[in-house]
Amino acid sequence: MPNANSLLTLQDAGERCQQLRKAAGKTQFEVAAAAGLRQETLSRFERGRASDLSSTKLLRLLEVLGMQMAFVPATRRPNLNELLKERRQSTSTVNSGQA
C-alpha cells in the first residue's frame, strides 16, 4: 500500500504541490513566476487538469517549493485476480475449519 507521500499520478503530484505552496504561504502567481510558469499552468496542474507537465517544468516547480524528486522502489499493488485468489483461499480456510 502506498504511503502518504506516494505520488501515483500527475494529479497526485499537482495536489501535493498545492499543499506545499499553501503551507509556504505563497500564491500561485508567486510560485509560477519563480518557476518560469504561467499562473494558469500552475492552476491547471494543481487541480489535476494538466494533461502533461514537462519534466523540466516539474523540476523547477519542485525546486521553488524546496523539494526534489527521488527515485524509490514502488510498492507493487495486487491485481484483481490476485485479490480474488486470496479471498477464495481465506474463505476455504474458514469453511474447512468449521467442518
Side-chain angles (χ1 to χ4, degrees):
M1 172 175 283
N3 66 39
N5 292 319
S6 294
L7 303 177
L8 302 175
T9 65
L10 192 59
Q11 183 173 353
D12 293 337
E15 290 172 3
R16 183 69 178 127
C17 284
Q18 181 182 49
Q19 292 168 356
L20 292 167
R21 176 184 60 76
K22 288 182 176 183
K26 296 185 179 188
T27 66
Q28 283 182 344
F29 184 81
E30 291 170 324
V31 171
L37 304 172
R38 293 184 350 202
Q39 182 272 329
E40 301 89 87
T41 301
L42 179 57
S43 175
R44 282 195 314 274
F45 176 62
E46 287 184 351
R47 292 181 291 126
R49 303 282 191 258
S51 60
D52 193 19
L53 190 70
S54 75
S55 56
T56 301
K57 289 177 183 178
L58 179 57
L59 290 172
R60 284 194 320 243
L61 177 59
L62 290 174
E63 183 179 348
V64 169
L65 295 171
M67 302 300 286
Q68 64 184 5
M69 187 180 301
F71 291 92
V72 296
T75 304
R76 188 181 165 288
R77 297 170 70 179
N79 63 36
L80 182 58
N81 288 333
E82 292 167 337
L83 292 171
L84 289 171
K85 181 179 178 181
E86 181 181 317
R87 184 171 183 182
R88 285 185 198 115
Q89 287 174 341
S90 66
T91 302
S92 67
T93 302
V94 169
N95 290 339
S96 67
Q98 292 177 353

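- Distance check: Glu40 CD to Arg49 CZ gives 16.0 Å after rounding to the nearest 0.5 Å.
- Members clustered with Leu83: none, using a 4.5 Å side-chain heavy-atom cutoff among hydrophobic residues.
- No continuous path of hydrophobic side-chain contacts links Leu62 to Phe29 [ILVMFWY only; heavy atoms under 4.5 Å].
- Dense packing is recorded around CD of Gln19, with more than 12 heavy atoms of other residues, nucleotides or ligands lying under 6.0 Å away.
- Note that the CD atom of Glu46 and the CG atom of Leu61 stand 8.0 Å from one another [nearest 0.5 Å].
- Once rounded to the nearest 0.5 Å, the distance linking OG of Ser55 with CZ of Arg60 reads 10.0 Å.
- Scanning both residues, Gly48 and Gln11, for their nearest heavy atoms gives CA-CG, 3.8 Å.
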**Request:** Report the C-alpha separation of Phe45 and Leu37 in whole Å, then their side-chain angles, then the decisive distance to 0.1 Å, and conclude whether the side chain to side chain contact (heavy atoms under 4.5 Å, CB included) test is met.
**Result:** CA-CA 11 Å; Phe45 176 62; Leu37 304 172; over 6 Å; no
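- A pairwise comparison of heavy atoms in Asn79 and Asn81 identifies OD1-N, 3.1 Å as the closest pair.
- Arg21 places a side-chain N or O within donor-acceptor distance of the main-chain N or O of Lys26, the cut-off being under 3.5 Å.
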**Request:** Please test Arg88 against Leu84 for side chain to side chain contact (heavy atoms under 4.5 Å, CB included), starting from the C-alpha separation and ending with a verdict.
**Result:** CA-CA 6 Å; Arg88 285 185 198 115; Leu84 289 171; 4.1 Å; yes
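- Using a 4.5 Å cut-off on side-chain heavy atoms (C-beta onward), Lys85 and Glu82 make no contact.
- Note that CD of Gln18 is 8.5 Å distant from CG of Leu42, once rounded to the nearest 0.5 Å.
- Under a hydrophobic-cluster definition in which Ile, Leu, Val, Met, Phe, Trp and Tyr are linked whenever side-chain heavy atoms come within less than 4.5 Å, directly or via other members, Met67 and Leu53 are assigned to the same cluster.
- For the residue pair Asp52 and Leu10, the shortest heavy atom distance occurs at CA-CD2, 3.9 Å.
- Neither side chain, Arg87 nor Thr91, offers a donor N or O lying under 3.5 Å from an acceptor on the other.
- Separation of atoms CD (Gln28) and OG1 (Thr41) is listed at 10.5 Å; rounding is to 0.5 Å.
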